[in-house]
Amino acid sequence: MKWLTNESHKVSHSDLSRVKVQKLIWTPRLLKNEYNMEKYYGDQMTAPTDCDKNFELYTSNNKASRGYIVSSTKKASGLENLERKSRIMEKRKDNEEANNSLVSFSALRKDIADVLDFLETLKNEENQKALDVDQVEKLKSDLAFICTYVQLSYSDLEQFKNVMTAKGQDVENLLRSILYDVENNVGGKYVMHHVLASLRENINHCISSHHRSKSSATMLEEQLNFLLLNLHHLFKFLAEHKFPLVTEYEILQNVCGNVREFHGLIVNGCIEQEIVDYVLPQFQLMAERVGHFLWEDQIDRDSQLSELDEDDQNDRDSRLVKLAHLLLKIVPTELELMHICYTNLKASTSVEIGLFIKQLLETSPEILREYLIHLQEHMVTVITPSTLGARNIHVMIEFLLIILSDMPKDFIHHDKLFDLLALVGALIKEVSTLVCDLEEKVRNKESTDETNRATLKLLENIDLLKEDLKHVYLKVPDSSQCFFPMSDGPLFMHLLQRHLDDLLDSNAYSIALIKEEIGLVKEDLEFIRSFFTNIEQGMYKDLWARVLDVAYEAKDVIDSIIVRDNGLLHLIFSLPITIKKIKLIKEDISNLHEKIPENRGLTVLNSPRKPVESKSLTTDKIIVGFEEEKNLILRKLTSGSADLDVISITGMPGSGKTTLAYKVYKDKSISSHFDLRAWCTVDQEHDEKKLLGTIFNQVSDSDSKLSENTGVADKLRRQLYGKRYLIVLDDVWDTTILDELRRSFPEVKKGSRIILTTREKKVALHGKLYTAPLDLRLLRPEESWELLEKRAFGNESCPDELLDVGKEIAENCKGLPLVVDLIAGVIAGREKKKSVWLEVVNNLHSFIFKNEVEVMKVIEISYDHLSDHLKPCLLYFASWPKDTANSILDLKTTLGAEGFVEKTEMKSMEEVVNIYLDDLISSSLVICFNEIGEYPSCQLHDLVHDFCLIKAREEKLFDKISSSSPSDLLPRQITIDYDEEPFGNNFVLFGSNKKRHSGKHLYSLRIKGDGLDDSVSETFHLRHLRLLRVLFLNPSFIMVNDSLLNEICMLNHLRFLNIETQVKSLPLSFSNLWNLEILFVVNVEPTLILSPRIWDLVKLRGVHVSNCSFFDMDADESIVIAEDTKLEKLTILGKLMLSYLKDTEDIFERLPNLQLLSFELKESWDYSTEKYWFPKLDCLTELEHLGVVFESSNTNDSGSSAAINRPWDFHFPSCLKKLSLDGFPLTSDSLSTIARLPNLEELYLFRTIIHGEEWNMGEEDTFENLKYLKLEEMTLSKWEVGEESFPSLEILKLQGCHELEEIPPILGGIYSLKIIKLVESPQLEDSALKIKEYAEDMRGGDELQVVGRKNILLFK
């Protein structure tokens, strides 16, 4: 084949023909291969005499190898003769012991054969009840264990006698239990009692006479064959009965099985002696390593039975780590077998060899696949991604894994399968050699340039092998067609563009293979998408359908290659075909461009502006609530400026905007106040002439008619001129139509008004002249009940028995008039019984959505009006439970990580998210809570939440499932509530036996709920979720161990990671997460050291690690950080542990854009300067939020008045808006420093010790812009405030301030003060009341409230 050359580092047939020992690193995967236990015991144990001879020779050779070699030419002295005689006697004694041991072992094997024959006989007994299968399998396993370690007794095995004795006792107990259940008339039962006695005696004798030779002499063929058989059976038992879900045990079973089968060919004389001499030492070394692992594993499992459960997790993790290490050592033997079979045995006509090769072809691909997976995991733990040559090796591994993941498959030519496997095996050997070379050079701090050059040559094989795969090895697949399964095409195209952008930006190893192709797809789809945003609705529907189908196909093909889901076929055939399809569509569209007139209307296809029926304005509609709002609007309409003004009413769909406007419009005072009135429902109508005609017809004489030749705008303007008019523009959607309509309304000083109702706050703000828009609140519970009662009972009152349940129904409507009115209509037509109304309470959701046309359309109109980039952000809100307020800070971290936010060069991710959220809030679909003193948050009304959940499932964006739910089709994001039901084999995410499932295509995974069951914690794998961008593992669900952490660090598409773990520092493998933007870690260790790994994660935007530090405070040497190293995108950092013993200013200078910082300050008292040290934060010119907790081991900090009297050397940035200090000893001077912060809006002081327990604020102590002040558990008795100390204060919260005598009365003179909140401070209530009374006298209103816990009013 053309790509097989003799160049260095390229694979050739001559490479394959050489039998060569390679130093490899390896780990495997799950395979299942059955072997006949009875056959292996029967064939090998029923005739022990030949093996006895071999064993005798083996032990004699071992003993002889330790003997002294005496020269026959040397004349021995008398002393030497005595020594020689002593040695001869010792040798004879050793030989006698060896012979006795051999006899015991032979007898033991005979007893075991009898036991197995007896068990086989019981299967055929008609009247014998079925045996306990688990008992029988455990007995066989224990017998195999004893035989294995009698053979390996020359090794220095820890606790040999204790473990073997316990196993012997287990065998005896199991056999007695089985015999007890055997009927007395069964032949052989009596004999078995004698066999049991003999078995026990021979086991004990073998244990007591075991040898501790350190010889490594090669075992004889029969001995090694018997040992391999036993090891295979031990792993078979562990894989099938002890750890059925732990892949590694089954892999080891298959490796041992393959080695044993090959050794069987040796025993049967099928293999040339030269090869035998080459492989037998490797087989024995492998057997010894496997044996030592199983021995240590047995000891560990025995020790677990006597230790506390809290150590189980560490023990399980330790077992997985040891398994991985074992596989790294022994699987290269599998590569040698493949190599030998291909170069020496492929042409053999032997039936036995043919069967073995067939078995090898079935098992080896899976083993090699797991080898490469673990090789990658090993690499990231010892070699940084930036090491020269490392990336090239990873790319080659990705390519080989794509091939191995599809072997053997029907689309590979069967007669070429062995050739392909051999080529892959040769490349794997080369890769392994390069990894070892690179690892050694990194360890020795040598240059890797030469290795890098070798990796570049290795990569040249990829394109050559791809050609051979296409033309030689693979069958051309049948043509197939993907069909777009969602409903919102523009939304899908938008998300696909974001996805392709992210893939190209990710620099992931898997992308390197198809980066050019992804770029072509992205470029062509952008051109196609731009065309379809500029055509009239309804044009080229068939072409649009083709676009969606091929775009969906492109996404599926690209993702499938990355996750290795039929990746080989997609890489070689599907991707090139899909690119051709896209180019054909692009050519068709290019030809259409010339035929489309430039002045054609522009409407996005598949996002129709659906017209709605005009709202009913019938006077018989029941209207309740909004009295304050009605009176406010009436005042704005009938008083104030004589200039034209616009009174806008905004609110979410169904909140009653139109109802309120109609209530005002029909008020008698309005009809008498205005000369002319008109109501115009705009909706999404864009016909200006039609809308103006509607208004004109209402304000003109009944006989007036519009002429087609007369401009309606001019006619209307003349009709309104000189009159006081009121125009209601109901349901306005955009500013363009508003401006067009307003041009016809004359602005004369007659006190005319326009009422504007809109869901879009931007429209309301655009239309504002003098009056700020009214954001309509939801109904209060009592208003909801009033509406419900009037609708259900008319003028009658609700019966007492229905009162409570009726109010519960009203409350569950969550204040949305649309829902209240709908449910009122439901219960009005039903029987007035409590049981009937309770049914409504329990099934409120279903009653609402039975009227889907009416309810859903109201929300859908607003949804359809959103831009494509806002739709997924809105739907994302529904991934949280109902009634959940999501902090805007959290949304900033997650929306970008989920791939919903477009990246721009001019704005940061946080700035773009802010714009998105502003637009969503403006649409009135998202409710914003922005109270001072709390983080701003957003949430959806329940009705909008229901709509978004339905829509998200329809568009396959996300879903919520339980751990016991089977699922074969998953969306891009799922949240799993782990409900104590183990992840079953049918659960698609973690079912390792599933070769192809859509779970691999997940982008986001969140798991919360109860702790993961111990029985499946070892089987919880994430490595196959290779597209994962967001991973949230609730700490209550799982503690991430080292092995799982290594898997996570292989997911280099990750943007968001939230885990609990127990590490002392970020491991080297973390450098592999170079796309990570958000990192949340709950760490069990006292302090997690971030450096140096944190500096490799240059895309980080937010980090919150419990108790973390950039340095190891106890280390003697500092970590050297390159001078130009910075994390320029990092805006959030917490929770650091700082000490004045370390130079922290240098760290903060490397975080220039930090906006939110929290840390714990330790050891801050400096005895040399007798003052407190505080880090200089002046360099953080973007910092807005700062939270610091002070803790010190020095007694001065809590007890010494001298220390408390010392000021802090604070260096705060002037941009600071929010400051929280906890546990600080402060003086008035220190507080004065804080007061001088010009932009400070919120101040929190917790558990603060004030010097002298007095805070005296002088004239210069002015918190110019402070709006929120919270004092909690302060050591403060007197507080004196100046007149200008808090000119902007709005909220004062005092909690647990038991020593404070009173609130300064002068605070009552602050006109901006709205709330005083008292918690656990009853002695302050009198002074608070006096302040409230004083404020009422000063302001003439009840604007200052005094509240307690849960904001309950203390005084009315």
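Source: prediction; values computed, not measured. Start at 1 with the first residue, then count along the sequence.
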Inset, instruction - Not counting sequence neighbours, which residues clear side-chain contact (heavy atoms from CB on, under 4.5 Å) with Ser177? List them please. - result: Gln135
Legend entry - For Arg1093, side chain to side chain donor-acceptor pair (under 3.5 Å) partners two or more places apart: Ser1071, Asp1096
Legend entry - With Glu201 via salt bridge (charged side-chain N to carboxylate O under 4.0 Å, His left out) - residues at least two apart: none
Inset, instruction - Not counting sequence neighbours, which residues clear side chain to side chain donor-acceptor pair (under 3.5 Å) with Thr384? List them please. - result: Ser386, Thr387
Legend entry - Asp132: side chain to side chain donor-acceptor pair (under 3.5 Å) partners, not counting sequence neighbours: none
Inset, instruction - Tell me, please, which residues at least two apart from Asn1083 pass side chain to side chain donor-acceptor pair (under 3.5 Å). - result: none
Inset, instruction - Salt-bridge test for Glu137 and Lys242: reply yes if a basic N is under 4.0 Å from a carboxylate O, no otherwise. - result: no
Legend entry - Residues which pass salt bridge (charged side-chain N to carboxylate O under 4.0 Å, His left out) with Asp297, listed by chain and number, not counting sequence neighbours: Arg301, Arg319
Legend entry - ring-ring contact (aromatic ring centres under 6.0 Å, His included) partners for Phe1070, two or more places apart: none
Inset, instruction - List in chain and number order the residues that pass salt bridge (charged side-chain N to carboxylate O under 4.0 Å, His left out) with Asp142, two or more places apart in sequence or in another chain; answer none if no residue qualifies. - result: Lys138, Lys167
Legend entry - ring-ring contact (aromatic ring centres under 6.0 Å, His included) involving His241 - partner list, sequence neighbours excluded: Phe237
Inset, instruction - For Val380, enumerate each residue passing the side-chain contact (heavy atoms from CB on, under 4.5 Å) test, keeping only those at least two apart in sequence or located in another chain. - result: His394, Met1050, Ser1069, Asn1072
Inset, instruction - Might you point out which heavy atoms bring Pro1035 and Glu1060 nearest each other, and give the distance in Å? - result: O-OE1, 3.2 Å
Inset, instruction - Quick one: list whatever passes salt bridge (charged side-chain N to carboxylate O under 4.0 Å, His left out) with Glu377, sequence neighbours left out. - result: Arg1023
